[in-house]
Trainee: 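Quick one: structure below, then a few questions.
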2 protein chains.
Amino acid sequence: MTGGKLSPKGGSGSKGTGRAGKSPTRSTYRHGDLRRALLEAGIELARQGGPEAVVLREATRRAGVVPNAAYRHFSSREALLAAVRSSALSFLAQAMEAELDRIATISRVDDRARAMLRAVGTGYLNFAFAETGLFRMAFAPLEGVRTPGDATEPPDPANAGKSGLNPFQLLGSALDAMVSAGALPAARRPAAEFLAWSGVHGLAMLVIDGPLRGLPPTQVDALGQRVIDMVEKGL
Amino acid sequence: MTGGKLSPKGGSGSKGTGRAGKSPTRSTYRHGDLRRALLEAGIELARQGGPEAVVLREATRRAGVVPNAAYRHFSSREALLAAVRSSALSFLAQAMEAELDRIATISRVDDRARAMLRAVGTGYLNFAFAETGLFRMAFAPLEGVRTPGDATEPPDPANAGKSGLNPFQLLGSALDAMVSAGALPAARRPAAEFLAWSGVHGLAMLVIDGPLRGLPPTQVDALGQRVIDMVEKGL
DNA sequence: GTGTATTGTGGACACCGTCCACAACGGCTA
DNA sequence: TAGCCGTTGTGGACGGTGTCCACAATACAC
């Protein structure tokens, strides 16, 4: 009965994990890379539906495997959630990096520093509005686990974008640039990290599931720029 | 139907809710005010544990009633959640009003207007940090229901504080005062509503279950004032 | 006092996360 | 080549959840 259903998803996705080589006609008792498959299913679930949609049994279903199999790779649902969150944070970092790339050509240092701050904020908001589920996942309360930016823990590379920096660190580097450029007094630097994040994060939350939900995208974007103005001016 | 406002602190007397007349030794088939009891249980659950802790069966258990009984008063768990959220928003409004009361004596109009803005923000943050669970509940994503401040719906009095204003309206009145006092250009007034809220709300979220979780209260308070500074300056 | 709408009960269903014992497999060692 | 053994997936079960249905007890209106 093991031969039952093949996974409807073509879902193997890249891999290149050297494995393969087994005759696929035989039983799929050994999945190959179940952990990866579960993670990807989890990400997909989170994308549409946020954290509460990441249901362990559904993930295993999509991986074509019995529910308990998940426990060979994740000690609990929480653990799967934590892994999905790491991916979500990494995606967020990438969205911020993408925006940073667009301003890479600016040469004047202070212009550039300010542009970096704006880019970081814009990328953050873009991601929040385009990938609502993943964004919610990135900041879901997780019981035992913390979010990066927490000074008490070393940054986890799994949360980083291509530059190797996580979202919090990307913001930090923009602020550093502003200090270097003389656009931000060094004394204000430490708190600035949290102030800037607060403004942008708050807008994201209010739009996603707060009172501003359903605001037309053009208005949301405009509001986003206004918030960034406020941060820039108020730091 | 619902009598006076519920108090943020826990339980009123269980039975004997006005009804009486029946010998209490007899069966408690008729509960008296089950809806109220369920709501209060829900509030208590939300207080410690936030929205996800508001479990329908547990609420009925606390009310001393079988699970299905809840469905005579709430069409679903979501509906109970929505009611609890209304209470949470009302408590939030009261916390903001409490802070407003403290500055009621200021007479110079522009001083007063600015103080109102700060009071509103401070009350908001105080509540968020003192009543984490209820605050999370107030802004939980609820599927079919919206949060007040949404312009598409008339304000629900159930969300209001003693002044009859909900949190969003309290902020609005502070901003109106600032415009009247000449402390805020009228042109900036409309967006100001959302900018101010974003800053404060973002900090609350980051501290509650984001990267700033676990920050010592004194630092949190300091950060709160800094955020309010930023808002005041950046509006 | 009798009828009727309201409100709580009892039992069931599907779904969830999780635990346990067991079976299939792959790779190591002899 | 044969056998072992640790890893990984299976099967079945348990307690928990939200929700549906039919039914019983009650309060109230006539």
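On a predicted model such as this, the values are computed, not experimentally measured, just so you know. A note on names: the letters A, B, ... follow the listed sequences, proteins ahead of strands, and every chain is numbered from 1.
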Trainee: Can you say whether the rings of A:Trp197 and A:Tyr124 are parallel (under 30°), tilted (30 to 60°) or perpendicular (over 60°)?
Mentor: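 Correct class here is perpendicular.
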Trainee: What's the CZ-C1' distance between B:Phe74 and C:dG8, to the nearest Å?
Mentor: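 That distance rounds to 15 Å.
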Trainee: Can you say whether the rings of A:Phe135 and A:His201 are parallel (under 30°), tilted (30 to 60°) or perpendicular (over 60°)?
Mentor: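 Geometry flag for A:His201 against A:Phe135: tilted rings.
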Trainee: Please determine whether a side-chain nitrogen or oxygen atom of B:His73 lies at a distance below 4.0 Å from atom OP1 or OP2 of C:dG8.
Mentor: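 For C:dG8, OP1 or OP2 has a side-chain N or O of B:His73 closer than 4.0 Å.
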Trainee: Is there a side-chain hydrogen bond (donor to acceptor under 3.5 Å, both in side chains) between B:Ser86 and B:Asn159 once you walk through the steps?
Mentor: CA-CA 5 Å; B:Ser86 270; B:Asn159 304 323; 2.7 Å; yes
Trainee: Once you apply a heavy-atom cut-off of 4.0 Å, does B:Arg61 come out as touching a base, just sugar-phosphate, or nothing?
Mentor: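 Sugar-phosphate contact only - B:Arg61 comes under 4.0 Å of backbone atoms but never of a base.
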Trainee: Got a sec? Which of residues 46-57 of chain A come in under 4.0 Å of DNA chain D, heavy atoms?
Mentor: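 Correct list: empty, so none.
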Trainee: Could you walk me through whether B:Ser163 and B:Glu97 satisfy the side-chain hydrogen bond (donor to acceptor under 3.5 Å, both in side chains) test, starting with their C-alpha distance in whole Å, then the side-chain angles of each, then the deciding distance to 0.1 Å, before giving a yes or no?
Mentor: CA-CA 8 Å; B:Ser163 65; B:Glu97 288 167 348; 2.5 Å; yes
Trainee: Expressed as a whole number of angstroms, how long is the span from B:Leu45:CG to D:dT17:P?
Mentor: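 Interatomic distance, CG of B:Leu45 to P of D:dT17: 10 Å.
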Trainee: Nearest heavy-atom pair of B:Ala196 and B:Leu171: which atoms, and what distance?
Mentor: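 Residues B:Ala196 and B:Leu171, closest heavy atoms: CB-CD1, 4.2 Å.
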Trainee: Return the value, rounded to whole Å, for the distance between atom CZ of A:Arg77 and atom P of C:dC15.
Mentor: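 These atoms are roughly 17 Å apart.
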Trainee: Roughly, in whole Å, what's the span from CD in B:Glu58 to P in D:dG18?
Mentor: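 For the pair B:Glu58 CD and D:dG18 P, the rounded distance is 10 Å.
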Trainee: B:Leu38 CG to C:dT7 C1': how many Å, rounded?
Mentor: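 Those two atoms, CG and C1', are 12 Å apart.
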Trainee: Can you check whether any acceptor in the base of C:dG11 is under 3.5 Å from a donor in the side chain of B:Asn68, or vice versa?
Mentor: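 Side chain to base: pair present.
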Trainee: So that I can tick it off, tell me whether B:Arg136 and B:Glu52 are bridged by a salt bridge, with the cut-off set at under 4.0 angstrom between side-chain N and carboxylate O.
Mentor: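 So B:Glu52 pairs with B:Arg136 through a salt bridge.
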Trainee: On the nucleotide C:dC19, are OP1 or OP2 found under 4.0 Å from the side-chain N or O atoms that A:Tyr71 carries?
Mentor: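 So the side-chain polar atoms of A:Tyr71 never come under 4.0 Å of the phosphate oxygens OP1 or OP2 of C:dC19.
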Trainee: Could you check whether B:Arg72 gets within reach of a base, just the sugar-phosphate, or nothing at all, counting any heavy atom under 4.0 Å?
Mentor: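 B:Arg72: base contact, heavy atoms under 4.0 Å.
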